[in-house]
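A quick write-up on the structure given underneath.
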Amino acid sequence: AQSVTQLGSHVSVSEGALVLLRCNYSSSVPPYLFWYVQYPNQGLQLLLKYTSAATLVKGINGFEAEFKKSETSFHLTKPSAHMSDAAEYFCATKGSGYSTLTFGKGTMLLVSP
Amino acid sequence: EAGVTQFPSHSVIEKGQTVTLRCDPISGHDNLYWYRRVMGKEIKFLLHFVKESKQDESGMPNNRFLAERTGGTYSTLKVQPAELEDSGVYFCASSHASGGRADTQYFGPGTRLTVL
């Protein structure tokens, strides 16, 4: 079964610092991987997705993620955090049934001035 | 283009009562999904509609949960009778095209259900 693991339920950074949110996947087939963000009182919004094309995927709001097969990772990064980036971030994959998403437990990003 | 909408945003009920959650997908999206996040846990899949048909309901917890999508438009998720462990946030998502692996699922804001 496909699964993802997010390391760290909370990550704190200062404004302007690098953001690194970790996601490792477990898959017996080439995975499809996603990062979603949930801002307070809003639905999940897709940040970016990996579908076996380029290994470096650029998303919205300056985020990007790199698919590393050797490390089974798909970490999310942003060079410089902004206060508005404070939200909960979810890594997800699609299983062998290909339609449904399997999520990690989420990482809350806290940004301090 | 209007996004996925869900109603109500919050619901507080007592154990044993019935609650119905509604989801309106993005217009033209044939695929509709329900997910649930219990506090402290990951978001988990409940079921998937293609138009009015249930494509996959393997995530439904038990027969107290009934989902419908009459006419292939909006969907309802009824919990009857509700139990304490049903508390959580219920998300709805929709996608168009084939509903395949590459499709993007667009999520609603969720309904927060509290069972007392």
Side-chain angles (χ1 to χ4, degrees), chain A residues 1-10 21 23-54 57 59-60 67 74 87-108, chain B residues 2-10 21 23-26 29-51 53-60 88-112:
Chain A
Q2 315 247 1
S3 66
V4 290
T5 302
Q6 292 183 244
L7 297 178
S9 59
H10 291 78
L21 304 182
C23 174
N24 288 87
Y25 68 90
S26 171
S27 172
S28 58
V29 298
Y32 279 31
L33 295 161
F34 305 78
W35 275 100
Y36 280 85
V37 60
Q38 185 180 22
Y39 298 104
N41 300 315
Q42 295 186 29
L44 279 73
Q45 180 181 2
L46 181 70
L47 275 176
L48 49 82
K49 63 181 180 183
Y50 168 77
T51 58
S52 74
V57 182
I60 61 172
F67 174 75
F74 190 58
E88 190 162 20
Y89 292 78
F90 297 92
C91 182
T93 186
K94 280 194 175 178
S96 58
Y98 71 75
S99 288
T100 64
L101 289 164
T102 301
F103 286 89
K105 290 190 174 183
T107 298
M108 185 69 72
Chain B
V4 177
T5 58
Q6 294 186 244
F7 182 84
S9 56
H10 293 81
L21 314 181
C23 168
D24 286 78
I26 293 172
H29 281 192
D30 288 341
N31 296 282
L32 188 149
Y33 308 83
W34 284 98
Y35 293 85
R36 177 175 74 171
R37 188 183 193 193
V38 172
M39 186 179 294
K41 301 287 184 68
E42 58 269 27
I43 300 169
K44 287 196 171 180
F45 165 76
L46 296 178
L47 86 160
H48 170 208
F49 283 100
V50 177
K51 297 185 179 179
S53 300
K54 292 177 185 175
Q55 178 75 16
D56 181 355
E57 51 183 332
S58 61
M60 294 287 265
V89 180
Y90 290 76
F91 292 102
C92 176
S94 71
S95 72
H96 65 86
S98 65
R101 297 183 79 197
D103 279 1
T104 294
Q105 294 183 19
Y106 297 89
F107 281 77
T111 292
R112 182 175 297 277

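No hydrogens, no waters, no symmetry mates; every other heavy atom, side chains included, goes into these values. Predicted, not measured: the structure shown is a model, and the values here were computed from it. Naming: A, B, ... by sequence-line order, numbering from 1 per chain.
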With only heavy atoms counted, which part of [X] is less than 4.5 Å from chain B, the side chain, the backbone, both or neither?
X: A:Tyr50; answer: neither
X: A:Leu44; answer: both
X: A:Gln38; answer: side chain

Donor + acceptor pair across side chains of A:Ser9, A:Lys105 (<3.5 Å):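 Looking only at side-chain atoms, A:Lys105 and A:Ser9 do not form any donor-acceptor pair under 3.5 Å.
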
Is there a side-chain contact between B:Val50 and B:His48 in this structure, where contact means two heavy atoms from C-beta onward sitting under 4.5 Å apart?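 Yes, side chains in contact.
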
Using a 4.5 Å cut-off on heavy atoms from C-beta on, say whether the side chain of B:Leu46 contacts that of B:Tyr90.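 The answer is yes, as the side chains (C-beta and beyond) meet within the 4.5 Å cut-off.
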
Out of A:Gln6, A:Glu88, A:Gln45, return the one with the most heavy atom pairs under 4.5 angstrom to chain B.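 Top count of heavy-atom pairs under 4.5 Å with chain B: A:Glu88.
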
As an exercise: rank B:Glu42, B:Lys44, B:Lys41 by heavy-atom pairs under 4.5 Å with chain A and give me the winner.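 It is B:Glu42.
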
A:Thr93 side chain to A:Leu33 main-chain N or O, any donor-acceptor pair under 3.5 Å?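 It does not hold such a pair.
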
Side chain from CB out, backbone as N, CA, C, O: work out which of these in B:Arg37 comes under 4.5 Å of a heavy atom of chain A, or both, or neither.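 It is the side chain, since no backbone atom gets that close.
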
Under 30°, 30 to 60°, or over 60°: which ring-plane class applies to A:Tyr36 and A:Phe103, parallel, tilted or perpendicular?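 Rings of A:Tyr36 and A:Phe103: tilted, as their planes differ by 30° to 60°.
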
